[in-house]
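In what follows, a structure is listed as structure tokens, so that the remarks can point back to it.
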Amino acid sequence: MAELPNVKGLLVLPRLRIQNVNAISAPMTWGFPSMTAFMGLMWALERALNGRYPLVLNACGVVCHAFEPQVSKGGFTKSFCLTRNPVGKDGGSASIIEEGRTHLDLTLVFGVVGGLLTASSEEQEAALKHIADLISRMRVAGGTVLPGPPFQRPELIALADNDEERRRQFRRIRRTLLPGFCLVERHDLLEARHRQMRDNNAEATLLDAWLDLSRINWSASVARNDAGAESVSWRHDRANGWIVPIPLGYAALTDVQDPGTVMNARDTATPFRFVEAVYGIGQWIGPHRLVDACQMFWYPSTDEQLGLYRCCNDYVRFS
């Protein structure tokens with residue numbers, strides 16, 4: 001079972017305005033980027049630091065303050081607003097299909113360890129200035145970080161060893177994350193819905209439960225009064241807050257292939273494996289409802305035997 005890596009401090013990147021983020025995160029979902037994109041950002045930032053500072057990034061939490069999908073206005077059915085690509089030599093349209101885009105305002109909270117947490121204020125200030133400069137030039141889920149307000153300087157916070165003191169520190173931090181919503185994993189809701197569906201249909205699968213949770217299901221109940229008149233009332237099953245289907249990572253379709261044996265692979269020096277998307281259920285909750293920073297952290301998990309590469313979140317465990 002995957003466990004949250006050691007976290008001794010927080011690196012907060014507040015109020016990032018990001019333009020043209022990839023809004024199609026998996027074949028069956030669209031909207032907010034997959035957490036795998038933020039895992040990639042975390043590793044890319046760590047590599048960009050190149051060991052210059054004693055700081056290791058182990059986990060990532062995401063708080064969304066604004067979400068603006070680039071879709072057509074008006075009407076129930078919407079379509080993505082795509083750019084017009086340059087024409088080819090024959091004057092026809094280029095065979096390029098652009099993916100959907102969205103604009104985001106985010107705060108990223110990284111769980112970190114390392115000697116920088118106990119370094120002097122001058123060393124920390126230099127490191128944070130360097131990190132801010134790196135982030136401003138990096139891609140975040142395919143999007144571009146915009147300069148100017150409300151962009152703020154990163155903050156490095158060393159967490160106390162005492163659990164009560166850590167939670168007191170987090171209470172101060174979470175106020176700065178408002179207004180916004182934090183994405184967490186709710187596998188418990190998926191399992192509960194699966195058990196509920198199996199009571200009525202023994203052949204119900206986790207996919208059936210996932211699809212059922214991904215929509216709002218309405219049902220009608222008919223009541224009769226003493227005079228025999230009928231009245232209809234409608235109710236929905238969405239009682240657990242803002243529930244959303246999310247991609248969690250990838251599952252292997254084949255064995256690991258030797259480097260250079262698969263045609264058209266981007267990297268001929270790295271082993272190759274075909275994979276497909278893995279899905280789960282997430283929930284958007286207000287940061288003021290969190291009691292511990294560990295509830296918001298996502299971290300990577302790899303199981304070579306099962307061929308499973310996914311992002312994990314321990315919201316349920318720490319609640």
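A quick note: this is a predicted structure, and the numbers were derived from the prediction, not measured.
In terms of hydrophobic clustering, with Ile, Leu, Val, Met, Phe, Trp and Tyr side chains grouped at heavy-atom distances under 4.5 Å, L206 and L213 are assigned to a common cluster. L13 and F297 fall into different hydrophobic clusters, defined by Ile, Leu, Val, Met, Phe, Trp and Tyr side-chain heavy atoms under 4.5 Å apart, directly or through other members. Hydrophobic clustering places Y53 together with L57 (ILVMFWY residues linked when any side-chain heavy atoms are closer than 4.5 Å, directly or through intermediates). Note: the hydrophobic cluster containing M296 also contains V316 (ILVMFWY, side chain heavy atoms under 4.5 Å, direct or indirect links). Placement of I216 and M28 in two distinct hydrophobic clusters is found when ILVMFWY residues are connected by side-chain heavy-atom separations under 4.5 Å, directly or transitively.
The shortest side-chain heavy-atom distance between H65 and L106 does not fall under the 4.5 Å cut-off. The side-chain heavy atoms of L49 and L134, taken from C-beta on, include a pair separated by under 4.5 Å. Side-chain contact between N22 and P33: absent, with no pair of heavy atoms (C-beta onward) separated by less than 4.5 Å. Using a 4.5 Å cut-off on side-chain heavy atoms (C-beta onward), R235 and W218 make no contact. With contacts defined as side-chain heavy-atom distances shorter than 4.5 Å, the pair L290/F318 does not qualify. Under the 4.5 Å side-chain criterion, counting only non-hydrogen atoms from C-beta, C64 is in contact with W284. Counting only heavy atoms from C-beta outward, the side chains of V278 and L308 approach each other to under 4.5 Å. Looking only at side-chain heavy atoms (C-beta outward), E155 and L10 stay at 4.5 Å or farther from each other.
The structure places CG of L156 at 6.5 Å from CG of L55, a figure rounded to the nearest 0.5 Å. Note: Y279 OH to L190 CG = 14.0 Å, rounded to the nearest 0.5 Å. The CG atom of N201 sits 12.5 Å away from atom CD of Q196, with the distance rounded to the nearest 0.5 Å. Distance check: R101 CZ to I24 CD1 gives 11.0 Å after rounding to the nearest 0.5 Å. Note: S301 OG to M39 CE = 11.5 Å, rounded to the nearest 0.5 Å. Taken from CG in L128 to CD1 in I135, the straight-line distance is 11.5 Å, to the nearest 0.5 Å.
Under the side chain to side chain contact (heavy atoms under 4.5 Å, CB included) criterion, P5 pairs with N58, Y299, sequence neighbours left out. For R167, the salt bridge (Lys or Arg N to Asp or Glu O under 4.0 Å) partners are D292, not counting sequence neighbours. Legend: residues meeting salt bridge (Lys or Arg N to Asp or Glu O under 4.0 Å) with R137, ordered by chain and number and at least two apart, are D133.
Taking every heavy atom of both residues into account, P154 and P14 meet most closely at CA-CD, 4.0 Å. Taking both residues in full, the closest heavy atoms of I281 and P245 are given as CD1-CA, 4.2 Å, listed atom of the first, atom of the second, then distance. Scanning all heavy atoms of the two residues, the minimum distance from V7 to G111 falls at CG1-CA, 3.8 Å. In terms of heavy atoms, P287 sits closest to V63 at CG-CG1, 4.0 Å. Between L4 and C294 the shortest heavy-atom distance is CD2-SG, 3.6 Å. Scanning all heavy atoms of the two residues, the minimum distance from G31 to T102 falls at O-CG2, 4.3 Å.
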Between E165 and R172, is a salt bridge (charged side-chain N to carboxylate O under 4.0 Å, His left out) present by the stated rule, with each step listed? CA-CA 11 Å; E165 180 64 19; R172 179 188 67 82; over 6 Å; no
Go through the steps to decide whether V145 and M138 satisfy the test side-chain contact (heavy atoms from CB on, under 4.5 Å), and finish with yes or no. CA-CA 7 Å; V145 179; M138 295 178 69; 6.0 Å; no
Stepwise side-chain contact (heavy atoms from CB on, under 4.5 Å) test for T29 and I246: CA-CA 7 Å; T29 57; I246 57 172; over 6 Å; no
Criterion side-chain contact (heavy atoms from CB on, under 4.5 Å) on D208 and D212, from CA distance to verdict: CA-CA 6 Å; D208 296 323; D212 197 64; over 6 Å; no
Criterion side-chain contact (heavy atoms from CB on, under 4.5 Å) on H236 and N217, from CA distance to verdict: CA-CA 5 Å; H236 62 78; N217 302 292; over 6 Å; no
Please tabulate, one pair per line, all N/O donor-acceptor pairs under 3.5 Å involving side-chain atoms of residues 112-123, not counting sequence neighbours.
from, atom 1, to, atom 2, distance (Å)
T118, OG1, G115, O, 3.2
S120, OG, E123, N, 3.3
S120, OG, E123, OE1, 3.3
E123, OE1, S120, N, 3.2

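No donor-acceptor distance shorter than 3.5 angstrom exists from the side chain of Q124 to the backbone of I157, with no hydrogens or angles considered. Side-chain atoms of Q70 come within 3.5 Å of backbone atoms of E68 as a donor-acceptor pair (strictly under, hydrogens ignored). Distance alone, capped at 3.5 Å, is enough to place a donor-acceptor pair between the D303 side chain and the L306 backbone. With Q257 contributing its side chain and D255 its backbone, the two residues share a donor-acceptor pair below 3.5 Å. Here the side chain of T176 pairs a donor or acceptor atom with the backbone of I173 at under 3.5 angstrom. A donor-acceptor distance shorter than 3.5 angstrom exists from the side chain of N313 to the backbone of Q295, with no hydrogens or angles considered. No donor-acceptor pair closer than 3.5 Å links the side chain of S25 to the backbone N or O of W30.
Here ring pair (Phe, Tyr, Trp, His ring centres under 6.0 Å) pairs that include residues 164-195, with residues two or more places apart or in two chains, are F181-W242. The side-chain hydrogen bond (donor to acceptor under 3.5 Å, both in side chains) pairs that include a residue from residues 31-48 are S34-T36, where partners are two or more places apart or lie in different chains.
Between R310 and E185 there is a salt bridge, since at least one side-chain N of the basic residue sits less than 4.0 Å from a carboxylate O of the acidic one. Ion pairing of R186 with E191 is absent here, as no side-chain N (NZ or NE/NH1/NH2) approaches a carboxylate O to less than 4.0 Å. Using a 4.0 Å cut-off between charged nitrogen and carboxylate oxygen, E203 and R198 do not count as a salt-bridge pair.
Using cut-offs of 30° and 60° on the angle between ring planes, the pair F32 and F67 is tilted.
Crowding of D199 atom CG: a count of heavy atoms from other residues, nucleotides or ligands under 6.0 Å exceeding 12.
No hydrogens or angles considered: nothing links the side chains of H288 and R174 as a donor-acceptor pair under 3.5 Å. A donor-acceptor pair shorter than 3.5 Å cannot be found between the side chains of D258 and T261. Side-chain polar atoms of R273 and Y250 form no donor-acceptor pair below 3.5 angstrom.
In summary, the aromatic rings of F38 and W298 are positioned with their centroids too far apart to meet the 6.0 Å limit.
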